[in-house]
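Shown next, in structure tokens, is the structure this report addresses.
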Amino acid sequence: MIRWSRPRGTQDFLPPDSERKREVERLFRELVTLYGYREVETPIFEHTEIFLRSAGMESDIVTKEMYNFLDRSERQLTLRPEGTPGVVRAVLESKAGPVRCRLFYIGPFFRYGRPQKGRLRQFHQLGVEALGEASPLADAELIFLGEQFFSRLGIADCVTHINSIGCQRCRPGYRQDLLKFLKEQGPALCSDCSERALRSPLRVFDCKNPACQAALAEAPKPSQHLCPECAEHFRSVVDDLKRRGVRLEVDERLVRGLDYYNRTTFEYVSATLGAQNSLGGGGRYDYLVEELGGPATPAVGFALGLERTMLAMPQPGQERRQPLVFVVWLSQAELGPTQELAERLRAAGIPCRIDFDSGKVARQFKVADSAQASYCVIVGSEELARGCYSLKNLMTGEQVTVPAGSIVEELRRLLGSGQNKLGNRQAGTVT
């Protein structure tokens, strides 16, 4: 018998993980909406050229990680490895003239790499893009937004690493100094870094090889080459983040892995994750909109890894009960009234289930418990004759009798308050 398994580098989300994932997404939506961001959805595949122009021909994403394919019309397409180019393309395609908007997205992305904890081939990101904003205060506010998100999720050890890599005016001088330094290192660098040194020298700082890291310890720093405007921009970002109380670490080796970044780059780091310690990051990209055919437009954004965020979150001590009610029937005679009650509860917005396949009451209670339901409403001939229901709290074992006309109100109160007890009443009749 064949046993099917998911493709390597992918992940299933079953309860309760699927519910925790949904809760993370809900919190993100609520928070970014407070800052004026509106949701955008783009296709999960785009024309390959978009990523070649944005990420850079020599980036690891382009050379090693993209899922490319030809459709039946021989068009070159790519499963999106990141979100920003697709968002920019969507904005430019939908309107003409100056670009100024705040957008956020949530969805799956794809990169081919060696799977490991927190690093999957299909992964999910939560991202924001502030298009048309040039102020360093916009950078600081956006970075603070991400920090607030992690704080609300209970990730207490999050630290923001930050750097400035300059602009088109000041970066060429730094690049030349770095190239000269890398040539002097020669054999001390790994083969990947030797190639990067020739094509995209800033990417050598992404290497995790200990020998390369040691060789780069005395490498020139971007701060030594910042023009006055970039230096002032960076000072303003750092000063505003300090004013907001953000935990910061200036990291002059932080360059990010995409060609379109300029000036501010940042990364959120959590020691909880071990070697793969980045929760996400982003930076300023003032040239990308123009590179993709739009007007010159400043912009800043970030993307956060949803799976890594969930790994860094405090893990629940025990599985939480769901706001779910099971309607239990005692015999075939009560099955019709049981269905009527279930429809009445659903019409009132109360989630409920019936186990149609289990004729035995004990089996129905087992199914309710495995579904992590909070309450059971018992429908029996005696209850129907008296015009009431038995209501059992599956978290505490308490059971009370509730008038049929009050069952909706009582369940709404209990599920809305999250109480583990049936109100302040003693176990017995609820009037």
ask   = Can you list the steps and then say if Trp4 with Ile2 is a side chain to side chain contact (heavy atoms under 4.5 Å, CB included)?
value = CA-CA 6 Å; Trp4 297 101; Ile2 298 175; 3.7 Å; yes
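- Side-chain contact between Leu292 and Arg53 is present, with heavy atoms from C-beta onward closer than 4.5 Å.
- Asp71 contributes a side-chain N or O that, together with a main-chain N or O of Arg75, makes up a donor-acceptor pair within less than 3.5 Å.
- For the pair Arg235 and Glu232, the salt-bridge criterion is met [side-chain N within less than 4.0 Å of a carboxylate O].
- Nearest heavy-atom pair, Leu273 versus Leu279, reported as atom, atom and distance to 0.1 Å: CD1-CD2, 3.6 Å.
- Ion pair Glu409/Arg413 not flagged as a salt bridge, since none of the NZ, NE, NH1 or NH2 atoms sits closer than 4.0 Å to an Asp/Glu carboxylate oxygen.
- The only member of Thr265, Leu254, Asn277 that meets side chain to side chain contact (heavy atoms under 4.5 Å, CB included) when paired with His161 is Leu254.
- The structure places CD of Gln11 at 7.0 Å from CG of Asp17, a figure rounded to the nearest 0.5 Å.
- Contact annotation: the side chain of Lys21 approaches that of Met310 to within less than 4.5 Å [non-hydrogen atoms, C-beta and beyond].
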Using salt bridge (charged side-chain N to carboxylate O under 4.0 Å, His left out), reason through Glu141 and Arg102 one step at a time and then give a plain yes or no.
CA-CA 13 Å; Glu141 183 187 75; Arg102 287 189 168 192; 2.8 Å; yes
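- Remark: Lys392 qualifies as a cation-pi partner of Phe365 under the 6.0 Å distance and 45° angle criteria applied to the six-membered ring.
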Discussion item. Is there a salt bridge (charged side-chain N to carboxylate O under 4.0 Å, His left out) between Arg346 and Glu343? Walk through the geometry before answering.
Written reply: CA-CA 5 Å; Arg346 290 172 184 144; Glu343 293 306 317; 2.9 Å; yes
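- Checked for salt-bridge contact, Arg20 and Glu23 miss the test: no charged N lies under 4.0 Å from a carboxylate O.
- Using bins of under 30°, 30° to 60° and over 60° for the plane-to-plane angle, the ring pair Phe28/Phe104 lands in the perpendicular bin.
- Within a 6.0 Å radius of CZ in Arg243, more than 12 heavy atoms belonging to other residues, nucleotides or ligands are found.
- Using modelled atom types and a 3.5 Å distance limit, the side chains of Asp251 and Asn163 yield no donor-acceptor pair.
- Side-chain contact check for Met66 versus Leu79: every heavy-atom pair is 4.5 Å or farther apart.
- With a 4.5 Å cut-off on side-chain heavy atoms, Glu147 and Arg247 do not count as touching.
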Please assess Arg119 against Glu307 for the test salt bridge (charged side-chain N to carboxylate O under 4.0 Å, His left out), listing each intermediate value before the final yes or no. CA-CA 8 Å; Arg119 187 185 178 98; Glu307 286 86 355; over 6 Å; no
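- The shortest heavy-atom contact between Tyr268 and Gly146 is OH-CA, 3.4 Å.
- Side-chain atoms of Ser94 come within 3.5 Å of backbone atoms of Ala90 as a donor-acceptor pair (strictly under, hydrogens ignored).
- Atom CD of Glu229 has more than 12 heavy atoms from other residues, nucleotides or ligands within 6.0 Å.
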(Q) I'd like to know whether Leu324 forms a side chain to side chain contact (heavy atoms under 4.5 Å, CB included) with Phe326, so could you lay out the CA-CA distance, the side-chain angles of the two residues, the decisive distance to 0.1 Å, and finally the verdict. (A) CA-CA 7 Å; Leu324 176 67; Phe326 253 74; 4.1 Å; yes
**Asked** So His233 and Ser164, side chain to side chain contact (heavy atoms under 4.5 Å, CB included) or not? Walk me through it.
**Response** CA-CA 9 Å; His233 186 102; Ser164 177; over 6 Å; no
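- Side-chain contact between Trp329 and Val377 is absent, with no heavy atoms from C-beta onward closer than 4.5 Å.
- A donor-acceptor pair shorter than 3.5 Å cannot be found between the side chains of Tyr37 and Glu129.
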Run the side chain to side chain contact (heavy atoms under 4.5 Å, CB included) test on Gln399 and Leu391 for me, step by step, so that the C-alpha distance in whole Å, both residues' side-chain angles and the decisive distance to 0.1 Å come before the verdict. CA-CA 6 Å; Gln399 186 166 315; Leu391 175 60; over 6 Å; no
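- Counting heavy atoms from C-beta outward, Leu411 and Leu345 have side chains that approach closer than 4.5 Å.
- Taking all atoms of both residues into account, the shortest heavy-atom contact from Gln125 to Ala303 is OE1-CB, 3.5 Å.
- With hydrogens and angles ignored, the 3.5 Å screen pairs no side-chain donor or acceptor of Asn393 with any backbone N or O of Glu398.
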Inset, instruction - Test salt bridge (charged side-chain N to carboxylate O under 4.0 Å, His left out) on Asp240 and Arg244 and set out the steps. - result: CA-CA 6 Å; Asp240 197 58; Arg244 294 172 180 270; 3.0 Å; yes
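- Side-chain atoms of Glu249 and Thr160, non-hydrogen and from C-beta on, never get closer than 4.5 Å to each other.
- Not a single donor-acceptor pair under 3.5 Å links the side chain of Asp355 to the backbone N or O of Gln364.
- For the pair Arg121 and Tyr112, the cation-pi test (distance below 6.0 Å, angle within 45°) is passed.
- Gly301 approaches Phe266 most closely through the heavy-atom pair O-CZ, 3.8 Å.
- Between Ile378 and Val361, the closest side-chain pair of non-hydrogen atoms is not below 4.5 Å.
- Annotation: the span from Asp139 atom CG to Phe234 atom CZ amounts to 10.5 Å, rounded to 0.5 Å.
- For Asp157 and Thr272, the side-chain atoms include at least one donor-acceptor pair closer than 3.5 Å.
- Here the closest non-hydrogen pair linking Arg284 and Ser135 is NH2-O, 3.6 Å.
- A pairwise comparison of heavy atoms in Pro15 and Ser18 identifies N-OG, 3.3 Å as the closest pair.
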